[in-house]
Peer 1: 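Mind having a look at this structure? Questions to follow.
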Amino acid sequence: MQIIGKGTWIDLVAYKVIEREKSLGRSLNLIRVESGLGASGIPHIGSLADAARAAAVKLALENLGYKSEFIAFSDDMDGLRKVPQGLPEWLSNYLAYPVSSIPDPFKCHESYGSHMSSMLIDAMEKCGIEFKFMSGRDAYRGGVYTKQAVKILENWEKIGQAIEEITGQTKFRNQLPYFPICENCHRIYLPKAISYDIKTQKVAYKCEGTEIRKKFIKGCGHEGETKVDSDQGKLAWKVEFAARWASLDIRYEAYGKDIADSVKVNDWVADNILGFPHPYHVRYEMFLDKSGKKISKSAGNVFTPQMWLRYGTPQSLLLLLYKRIVGTRTLSIEDIPNYMDEVDQIEEIYFSKKEPSSMWEIKLRGLYEYIHLLKPPEKPSKHIPYSLLVQLCAIAPEGKEIEYVANKLKQYGMIKEADEIIVQRIRLALNWAKEMHEVKREKIQLNEKEKQMIKELLNTLTNDPKESQQAIFQTAKKYEVEPKDFFKTLYKILLGTESGPRLGPYIVDIGLEKARAILMQAIESS
RNA sequence: GGGCCUGUAGCUCAGCCAGGUAGAGUAUCGGGCUUUUAACCCGAGGGUCCCGGGUCCGAAUCCCGGCAGGCCCGCCA
């Protein structure tokens with residue numbers, strides 16, 4: 001069998017793009033791919049998926065021998081339609097304002113939209129994804145779309161009819177597919193675009209108001225005109241992609257099923273009005289939140305790339321996004337440890353000397369290269385199960401967690417020295433242990449005998465790990481209690497678990513005084 | 001009304017998009033290591049791959065028809 005590129009779905013998509021371009025007879029000198037960056041809310045994993053996958057297709061195209069470019073396009077002309085959960089209430093005063101003209105609630109960027117795009121860009125950069133950034137506002141201001149916008153507005157009646165045929169939406173039968181920004185109240189969507197003057201290239205509008213998310217927002221009543229080559233208005237989504245594709249010569253763009261209808265219309269417009277064969281598409285399913293447990297607290301149910309990167313490596317995140325594109329992905333923060341371990345598994349396969357024996361192995365090796373953006377490391381790293389790291393971090397004495405865990409790993413013979421990669425892994429696991437690994441520390445009821453035993457133990461514990469371990473055994477024997485049970489009691493007090501590390505060394509690790517204090521308190525409070 | 005996804009071990013799921021011996025984690029049971037554990041290592045049991053048809057030398061995988069659950073769109077963008 002002929003294997004395409006690295007054998008993954010990404011390569012298959014790239015191959016299909018190329019084949020399609022060949023059959024269209026278009027130039028293959030530069031194959032441009034695009035992804036939109038939402039700028040109206042906090043970017044979630046799905047937003048990153050769109051961008052990261054487009055970036056991967058670009059790499060696949062290059063790998064197959066073609067020049068390619070990936071454009072990350074910020075939709076910052078969109079109006080704010082809803083104040084996202086967790087953001088300040090005053091933003092509701094800016095409903096229907098273009099996100100690029102709303103102040104940044106976090107006060108670190110020039111606008112709300114720019115802040116949101118930056119969060120996604122930050123995630124992309126952390127993953128090592130390269131891209132060329134473009135802003136919608138800049139594109140309109142610079143007249144990038146003018147030629148296409150003019151064609152669209154000249155044909156608005158034909159397009160309105162097509163929109164009705166394709167989607168059933170009749171709105172654009174009596175309204176231009178263009179949203180001016182009201183020069184009086186500075187809001188978008190509210191002004192209704194009434195007519196287009198071919199000679200002056202101006203759109204006449206009246207700020208009537210519109211329904212956004214089931215609520216009618218009243219316009220200011222202003223009547224005015226907007227020039228299409230300005231940034232004082234934008235094309236409606238139903239036609240804007242088409243203008244963008246034709247203007248920027250985009251050959252591939254994926255889309256989520258939520259905007260499937262818009263894409264259908266845009267394809268029609270590109271093909272039939274603009275004379276630009278629409279880009280090749282892949283439709284993907286949404287990412288669904290599974291639990292939202294911890295997530296909801298901080299940022300209102302949004303699962304952001306930044307959250308993932310708090311506990312997992314960029315490679316684990318890219319693995320999630322690149323593993324497959326078909327099917328709904330339900331995802332939960334709880335999946336991170338699995339993906340961390342899976343990266344190690346495929347790394348092993350990648351570095352295995354054996355010839356790959358199946359398509360399956362070829363795919364996994366390819367996948368490994370993609371999660372490193374086709375620049376895989378030269379040597380494998382040490383593989384330590386994430387759960388082990390978490391376990392160790394959970395019991396590590398506060399303040400010296402990293403040394404403690406690194407030392408344990410050395411004792412276990414898993415590493416010789418803790419290098420940068422190991423330390424970084426420990427940091428991630430430590431975040432997990434502290435924030436996700438909930439330890440239910442029940443209040444412990446100690447009986448008189450147990451109290452007596454612990455009191456006695458307090459006097460025999462020393463700074464020597466072996467002696468302390470011995471002391472626990474001797475105390476148990478003296479009181480004719482199974483050592484196992486006594487250990488259990490001590491674990492509950494010290495760690496909130498029924499089991500844990502060898503106690504003698506652990507007591508020395510956390511400090512004899514501190515251990516004594518915790519045990520004392522347990523006696524007193526029960 | 002239109003479109004899409006999912007259904008695989010007790011549980012959570014991978015494998016399906018490029019057909020080639022049914023997989024992992026977890027739970028259960030047994031063994032090893034550890035001066036109690038945990039962790040780790042070895043092993044075992046556990047399957048109508050939702051149902052029915054079709055294509056094929058060969059189907060969990062591709063096609064058609066059901067059943068069940070879920071998601072998206074329906075005059076916002």
Side-chain angles (χ1 to χ4, degrees), chain A residues 1-5 7-13 15-16 36 38 40 75 77-82 96 163-164 166-175 177 179 188-189 210-215 217 234-238 240-241 256-264 282-288 290 323-330 332 334-335 337-339 341-342 345 357-360 362-364 384-385 387-392 394-395 408-409 411-414 466 469-470 472-474 476 481-491 495 497-504 506:
Chain A
M1 189 186 8
Q2 176 73 36
I3 287 157
I4 299 161
T8 68
W9 65 264
I10 301 163
D11 303 279
L12 194 59
V13 167
Y15 175 78
K16 285 181 179 167
S40 41
D75 284 303
M77 286 287 279
D78 286 3
L80 185 69
R81 294 161 47 240
K82 188 196 166 200
I163 291 175
E164 187 182 356
I166 295 169
T167 71
Q169 184 181 35
T170 55
K171 175 174 174 169
F172 294 110
R173 291 303 293 267
N174 50 27
Q175 179 176 345
F179 296 118
I188 195 165
Y189 306 144
T210 194
E211 192 174 286
I212 295 179
R213 298 181 74 93
K214 315 258 179 211
K215 270 190 197 156
I217 300 187
K234 73 184 279 287
L235 293 164
W237 263 31
K238 290 257 169 9
E240 182 174 32
F241 300 152
K257 73 172 176 184
D258 51 335
I259 60 163
D261 275 354
S262 281
V263 171
K264 253 189 243 167
V282 169
R283 182 186 49 230
Y284 54 85
E285 292 282 316
M286 311 276 86
F287 282 80
L288 303 177
K290 210 185 288 174
K323 201 173 167 184
R324 65 187 164 101
I325 189 163
V326 296
T328 307
R329 312 298 304 271
T330 59
S332 145
E334 319 267 335
D335 297 337
N338 283 340
Y339 281 94
D341 290 342
E342 202 174 333
Q345 279 171 33
S357 60
S358 63
M359 191 62 209
W360 171 237
I362 292 168
K363 273 187 197 177
L364 288 183
I384 303 153
S387 60
L388 175 59
L389 288 178
V390 170
Q391 200 74 30
L392 290 174
I395 55 163
K408 287 285 165 194
L409 293 174
Q411 278 175 33
Y412 293 167
M414 301 187 87
K466 276 188 186 162
Q469 183 81 5
Q470 280 296 346
I472 298 168
F473 268 92
Q474 274 159 12
V481 169
E482 277 288 321
K484 199 175 176 175
D485 294 328
F486 190 40
F487 272 102
K488 226 179 232 181
T489 309
L490 293 173
Y491 282 125
L495 294 167
T497 57
E498 291 209 338
S499 54
R502 188 171 300 178
L503 273 179
Y506 182 69

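Just the heavy atoms: all of them, side chains too, but no hydrogens, waters or symmetry mates, feed the values below. In what follows, every chain begins at residue 1, and chains take the letters A, B, ... in the order their sequences are listed. All figures in this text were calculated on a predicted structure; none of them were measured in a lab.
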Peer 1: Watson-Crick or G-U wobble partner for B:rC40, using a 3.5 Å limit on both distances?
Peer 2: B:rG32
Peer 1: The side chain of A:Thr170 is closest to which nucleotide in this list: B:rC17, B:rC73, B:rC75?
Peer 2: B:rC75
Peer 1: Using the test ring pair (Phe, Tyr, Trp, His ring centres under 6.0 Å), find all partners of A:Tyr189 that sit at least two apart in sequence or belong to another chain.
Peer 2: A:Phe179
Peer 1: Using both distances under 3.5 Å as the test, list the Watson-Crick or G-U wobble partner of B:rG19, or none.
Peer 2: none
Peer 1: Is the shortest side-chain N/O distance from A:Lys82 to OP1 or OP2 of B:rA77 below 4.0 Å?
Peer 2: no
Peer 1: Determine which nucleotide pairs with B:rG1, using a 3.5 Å limit on both distances of a Watson-Crick or G-U wobble pair.
Peer 2: B:rC73
Peer 1: Would you tabulate the pairs of protein nitrogen or oxygen atoms and nucleotide nitrogen or oxygen atoms of nucleotides 2-9 of chain B closer than 3.5 angstrom?
Peer 2:
unit_1 : atom_1 : unit_2   : atom_2 : d
B:rG3  : N2     : A:Lys257 : NZ     : 3.3
B:rC4  : O2'    : A:Glu285 : OE2    : 2.0
B:rC4  : O2     : A:Lys257 : NZ     : 3.1
B:rC5  : O4'    : A:Glu285 : OE2    : 3.4
B:rC5  : O2'    : A:Thr328 : N      : 3.1
B:rC5  : O2'    : A:Thr328 : OG1    : 2.8

Peer 1: Who is the Watson-Crick or G-U wobble partner of B:rG46, with both distances under 3.5 Å?
Peer 2: none
Peer 1: Closest to the A:Lys323 side chain: B:rA14, B:rC75, B:rA18?
Peer 2: B:rA14
Peer 1: With a cut-off of less than 4.0 Å, is there a side-chain N or O of A:Gln169 near OP1 or OP2 of B:rC73?
Peer 2: no
Peer 1: Going by purine N1 to pyrimidine N3 plus the second Watson-Crick contact, or the G-U wobble pair, all under 3.5 Å, which nucleotide sits opposite B:rC62?
Peer 2: B:rG54
Peer 1: For atom P, what is the distance between B:rU34 and B:rC29, given to the nearest Å?
Peer 2: 23 Å
